[in-house]
Asker: 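I'd like to ask you about the structure that follows.
Computed over heavy atoms, backbone and side chain alike; hydrogens, waters and symmetry mates excluded.
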Amino acid sequence: MAESAACPAFQLGRPRYDQGSFLGRLRHFIDIIDPSTLFVSEKQLKECIKLLDDYKHGSLPPGVSDLQLWEAQKIKQAIIHPDTGEKIFMPFRMSGYVPFGTPIVIGLLLPNQTVVSTIIWQWLNQSHNACVNYANRNATKPTPTSKFLQGYVGAVTSAVSIAVGLNVLIQKANKLSPATRMIIQRFVPFPAVASANICNVGLMRHNELSEGIDVLDNNGKVVGSSKIAARHAIMETAFTRVVLPMPIFVLPPIIMSYLERLRFLQRNRRLLLPIHSIVCLITFGLSLPVAISLFPQMSQIEVSRLEPEVAMATDCKVVTYNKGL
């Protein structure tokens with residue numbers, strides 16, 4: 001009985017955990033961002049896909065447990081894009097977001113940044129974000145490369161402009177003591193990254209607003225294309241991308257400003273960078289699943305709120321759409 005409670009009966013294409021609750025979504029996304037899936041071999045991936053295909057066609061070998069099927073689906077979802085069916089390049093998977101993004105976060109939060117170093121780290125961060133946004137987009141409609149480049153340039157420009165602008169203002173604030181100036185300067189990455197993230201998501205996925213995204217009925221059948229659902233998807237993703245950097249770029253400066261006052265670290269300054277890196281890694285690792293769990297990836301919307309032509313195409317009261325990550 002305890003085993004069945006811990007591992008529910010497998011349902012193909014359905015999440016293992018209840019997506020109606022925050023805790024269920026958190027457990028689901030902890031699976032999605034599990035870095036261990038980065039080490040899955042091509043052979044293991046093919047075996048997982050075959051196992052799921054066998055289940056779908058009713059030809060499952062005897063002795064396969066629900067746990068094995070859930071694990072196979074977890075691996076497939078972490079590596080394969082749900083709309084294109086293609087492998088997502090490893091650094092741009094959600095499971096690679098923390099391992100590949102942490103060095104950039106560490107760079108952004110280094111004290112005593114120059115204008116050049118600020119530009120480089122903000123550029124690297126937005127380049128990584130742009131690629132992650134594109135790799136995990138809703139791909140039910142083709143997106144021209146020009147839109148991707150437009151979003152990328154817009155995000156980099158906004159991030160660099162805000163970060164450099166705030167740094168220049170802080171440097172010119174003569175009333176601030178050098179220590180206060182350095183502390184405030186450490187918080188500059190947050191407004192720069194948060195505003196650039198909104199710009200990035202909006203510009204990268206602007207095509208969805210004009211083309212709409214597919215909405216599905218209870219059976220997973222495409223009912224139609226909705227611009228209203230696209231607007232909801234982009235707003236939810238943008239909100240997530242503002243919440244995500246909040247603890248990442250606010251907590252480490254607070255923690256480090258306290259740790260740096262400790263006598264032990266004042267005597268061993270070379271330990272500051274490794275400790276700073278660990279603090280960033282832990283904060284990033286904890287923040288990511290919480291931020292992306294705010295909304296289900298497969299979100300629902302009432303048909304009555306959609307375009308009349310979409311509402312007329314189905315008897316369902318609620319339809320589903322892929323929000324993207």
Side-chain angles (χ1 to χ4, degrees), residues 1-88 90 93-95 135-141 213-226 229 233 236 289 292-293 295-301 303 313-325:
M1 191 74 179
E3 192 178 335
S4 63
C7 185
F10 180 74
Q11 290 180 288
L12 185 65
R14 297 293 179 93
R16 179 174 173 179
Y17 305 104
D18 172 31
Q19 296 300 284
S21 71
F22 173 76
L23 187 59
R25 291 195 295 273
L26 183 63
R27 294 177 75 185
H28 169 71
F29 282 116
I30 285 170
D31 265 2
I32 295 287
I33 67 162
D34 180 0
S36 69
T37 58
L38 295 172
F39 303 101
V40 170
S41 67
E42 189 69 30
K43 181 172 175 281
Q44 283 175 287
L45 177 61
K46 284 178 179 174
E47 284 171 359
C48 290
I49 293 170
K50 185 180 182 305
L51 196 63
L52 295 171
D53 284 342
D54 288 346
Y55 175 87
K56 186 177 180 179
H57 298 113
S59 56
L60 201 63
V64 175
S65 67
D66 285 321
L67 189 60
Q68 285 173 284
L69 289 165
W70 284 122
E71 193 61 26
Q73 183 160 276
K74 168 188 166 177
I75 289 168
K76 184 185 175 184
Q77 285 179 341
I79 299 171
I80 306 293
H81 192 285
D83 295 332
T84 64
E86 294 173 1
K87 280 177 74 174
I88 299 170
M90 190 188 287
R93 295 175 197 164
M94 291 313 291
S95 55
N136 294 280
R137 72 200 182 284
N138 181 308
T140 55
K141 294 281 184 293
I213 58 173
D214 287 350
V215 290
L216 317 171
D217 63 15
N218 297 336
N219 300 314
K221 183 186 169 191
V222 176
V223 170
S225 192
S226 170
E236 288 170 358
I292 59 178
S293 300
F295 304 101
Q297 183 174 355
M298 297 304 291
S299 291
Q300 292 187 321
I301 188 168
V303 172
T314 181
D315 297 326
C316 295
K317 299 282 186 205
V318 174
V319 288
T320 306
Y321 59 90
N322 178 7
K323 172 183 71 68
L325 287 173

Asker: Can you list every side-chain hydrogen bond (donor to acceptor under 3.5 Å, both in side chains) pair that touches residues 53-64, not counting sequence neighbours?
Answerer: Lys50-Asp54
Asker: Quick check: do Arg16 and Leu67 have side-chain heavy atoms less than 4.5 Å from each other?
Answerer: yes
Asker: How long is the straight-line distance from CD1 of Ile80 back to CD1 of Ile88, given to the nearest 0.5 Å?
Answerer: 8.0 Å
Asker: With heavy-atom distances below 4.5 Å as the criterion, would you say the side chains of Cys48 and Lys74 are in contact?
Answerer: no
Asker: Any non-hydrogen side-chain atom of Gln19 less than 4.5 Å from a side-chain atom of Arg14?
Answerer: no
Asker: Which distance, rounded to the nearest 0.5 Å, do you find between the CD of Gln11 and the CG of Asp66?
Answerer: 10.0 Å
Asker: Between Ile213 and Ala233, what is the shortest heavy-atom contact and its length?
Answerer: CD1-CB, 4.0 Å
Asker: Hey, could you give me the CG/CG distance between Asp31 and Leu26, rounded to the nearest 0.5 Å?
Answerer: 10.5 Å
Asker: Measure across Cys7 and Trp70 and return the closest heavy-atom pair with its distance rounded to 0.1 Å.
Answerer: SG-CD1, 3.6 Å
Asker: For the NE2 atom of His28 and the CG atom of Asp18, what is their distance to the nearest 0.5 Å?
Answerer: 11.5 Å
Asker: Find out whether Met94 and Ile292 are in side-chain contact, i.e. whether some heavy atom of one side chain is under 4.5 Å from a heavy atom of the other.
Answerer: yes
Asker: Can you check whether Leu45 reaches Lys87 side chain to side chain, under 4.5 Å on heavy atoms?
Answerer: yes
Asker: How far does OG of Ser95 sit from CD1 of Ile33, to the nearest 0.5 angstrom?
Answerer: 9.0 Å
Asker: Taking salt bridge (Lys or Arg N to Asp or Glu O under 4.0 Å) as the definition, give me every residue that meets it alongside Lys43, ordered by chain and number, with sequence neighbours left out.
Answerer: Glu47
Asker: Go through it in stages, so that I can follow the logic: the residues are Asn218 and Lys317, the test is side-chain contact (heavy atoms from CB on, under 4.5 Å), and I'd like the CA-CA distance, side-chain angles, deciding distance and then a yes or no.
Answerer: CA-CA 10 Å; Asn218 297 336; Lys317 299 282 186 205; over 6 Å; no
Asker: Closest approach of Phe29 and Ser293, non-hydrogen atoms and distance?
Answerer: CD1-OG, 3.6 Å
Asker: At their closest point, which heavy atom of Gly63 faces which heavy atom of Gln68, and how far apart are they?
Answerer: O-OE1, 3.7 Å
Asker: Side chains of Leu60 and Leu51, heavy atoms from C-beta outward: is any pair under 4.5 Å?
Answerer: yes
Asker: Taking side-chain contact (heavy atoms from CB on, under 4.5 Å) as the criterion, tell me which of Leu216, Val223, Val215 meets it with Tyr321.
Answerer: Val215
Asker: From Asp34 CG over to Gln77 CD, what is the distance, rounded to the nearest 0.5 angstrom?
Answerer: 13.0 Å
